[in-house]
Amino acid sequence: MHKLVLTAEERESIDALIDGIVADDEWDPMAAMDRAAVAAPSLPRRLRAFLSEARAAEWDVTVVSGLPIHPDLPPTPTGWDRAAKSGAGHREEVALLLCGTALGDPFGWESQQDGRIVHDVCPAPGMESSLTSASSAKTLSLHTEDVFHPCRADYVSLLCLRNPDAVGTTVTRVGSLEFPETLRSILSEPRFRFYPDDSHTGSSRSANASDDAGGPPGGTTGPVLFGPARTPYLRFDIDFMSGEDTAATEAMGATQEVLSDAAGRVALQPGDAVFIDNYQVVHGREPFAARYDGADRWLKRLNISRDIRRLYAGSANRSRIIPA
Ligand SMILES: O=C(O)CCC(=O)C(=O)O
Ligand SMILES: [Fe+2]
């Protein structure tokens, strides 16, 4: 993990950039993103250099600590939809956009959180045991973000606004894993199907929970390990994938064990942002008790592509929001 701790002076200069971006009365997230992209070259030099190196050297887990969190932050909303309505945490969204545009091209999903670019990750009543980021009581298993899609994020980034119980985001880096050769070879073959998760479909069923051994219809087929043989990329989400044959299904279980055994944790503190390389790292979350008292854990999340044209090339429209 690579970590940069910002100084008070650096934090103040970022705050000044945020002032300029949120100055408009009318909050327009797309305009804010464009303004953040224009302002990003004015971020403190040390931060720019750090994020440039993260991108160029393909660091797998990158943390920036000490980003500004407004002292009058409103209470944690009870769900992303409420956060969206109240407009809570705009300044923090801009802080994340500034770093995100320094690393790549932010984008969103029409099917997720109403097509918003910056998501809210906070516990929601009734969702405690769901397989979405709104859960709390249930462990969120190690996953690739949006595993089903060829234009899934290169980086999933999370900025912490509150985390009173120091709940950990779990991370397993593919670079830290030793797969037995037979397992590695099965994982390198296109014997797996990947499905949209419940945050896209709104359902509460997972591919694995399906009665049908082949999982729900649709999805995309591919390998779990791909890319450079010695330093492969990884694509995995036990809850939203299925094996095309018995050996592939068994390999999924074995892989889940390898990933869990190697998991580390990052307990984000307010002002910490983590940039998780979604090709090299699977991430999840430890369970916690949601209180819905306004002081719950609250993160902002941003998906970042290294090249938005990969998305445009497969779309009817030149839009940063991937159609459902
Ligand atoms: O809450 C966390 O730490 C991570 C949740 C998660 O997997 C996500 O928001 O994509
Ligand atoms: Fe996730």
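Remember, it's 1-based here, ligands and their atoms both numbered in the order they're listed.
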Q: Any pair with a residue in residues 41-50 that passes side-chain hydrogen bond (donor to acceptor under 3.5 Å, both in side chains), sequence neighbours left out, goes on the list, sorted by first then second residue, please.
A: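 side-chain hydrogen bond (donor to acceptor under 3.5 Å, both in side chains) check on residues 41-50 returns E10-R46.
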Q. How many N, O or S atoms of the protein are nearer than 2.8 Å to the Fe ion (ligand 2)?
A.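 With waters ignored, the protein N/O/S count below 2.8 Å is 3.
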Q: Step by step, work out the ring pair (Phe, Tyr, Trp, His ring centres under 6.0 Å) result for W59 and Y155.
A: CA-CA 10 Å; W59 289 347; Y155 303 99; over 10 Å; no
Q. H119 and W80: ring pair (Phe, Tyr, Trp, His ring centres under 6.0 Å), yes or no, with the steps?
A. CA-CA 7 Å; H119 298 161; W80 67 262; 8.2 Å; no
Would you be so kind as to tabulate the donor-acceptor pairs closer than 3.5 Å made by side chains of residues 282-290, with sequence neighbours excluded?
residue : atom : partner : partner atom : Å
H283    : ND1  : H143    : O            : 3.4
H283    : NE2  : H143    : NE2          : 3.0
H283    : NE2  : E145    : OE1          : 3.0
R285    : NH1  : S133    : O            : 3.1
R285    : NH2  : S133    : O            : 3.3
R285    : NH2  : S135    : O            : 2.7
R285    : NH2  : S135    : OG           : 2.8
E286    : OE1  : G168    : N            : 2.8
E286    : OE1  : R265    : NH2          : 3.1
E286    : OE2  : R265    : NE           : 2.5

Identify all N/O pairs between ligand 1 and the protein with a separation under 3.5 Å and present them as a table of atom names and distances.
residue  : atom   : partner : partner atom : Å
ligand 1 : 1 (O)  : R285    : NH1          : 2.8
ligand 1 : 1 (O)  : R297    : NH1          : 2.8
ligand 1 : 3 (O)  : T169    : OG1          : 2.6
ligand 1 : 3 (O)  : R297    : NH2          : 2.8
ligand 1 : 7 (O)  : H143    : NE2          : 3.2
ligand 1 : 7 (O)  : H283    : NE2          : 3.1
ligand 1 : 9 (O)  : R301    : NH1          : 2.8
ligand 1 : 10 (O) : E145    : OE1          : 2.9
ligand 1 : 10 (O) : E145    : OE2          : 3.0
ligand 1 : 10 (O) : H283    : NE2          : 3.2
ligand 1 : 10 (O) : R301    : NH1          : 3.1

Would you call [X] and [Y] a salt bridge, using N to O less than 4.0 angstrom?
{"X": "K300", "Y": "D120", "value": "yes"}
{"X": "R309", "Y": "D105", "value": "no"}
{"X": "D277", "Y": "R173", "value": "no"}

Q: Would you kindly check if the NZ (Lys) or CZ (Arg) of R235 is within the cone defined by 45 degrees around the ring axis of F194 and under 6.0 Å from the six-membered ring centre?
A: yes
Q. Can you list the steps and then say if Y233 with Y279 is a ring pair (Phe, Tyr, Trp, His ring centres under 6.0 Å)?
A. CA-CA 5 Å; Y233 297 129; Y279 274 55; 5.4 Å; yes
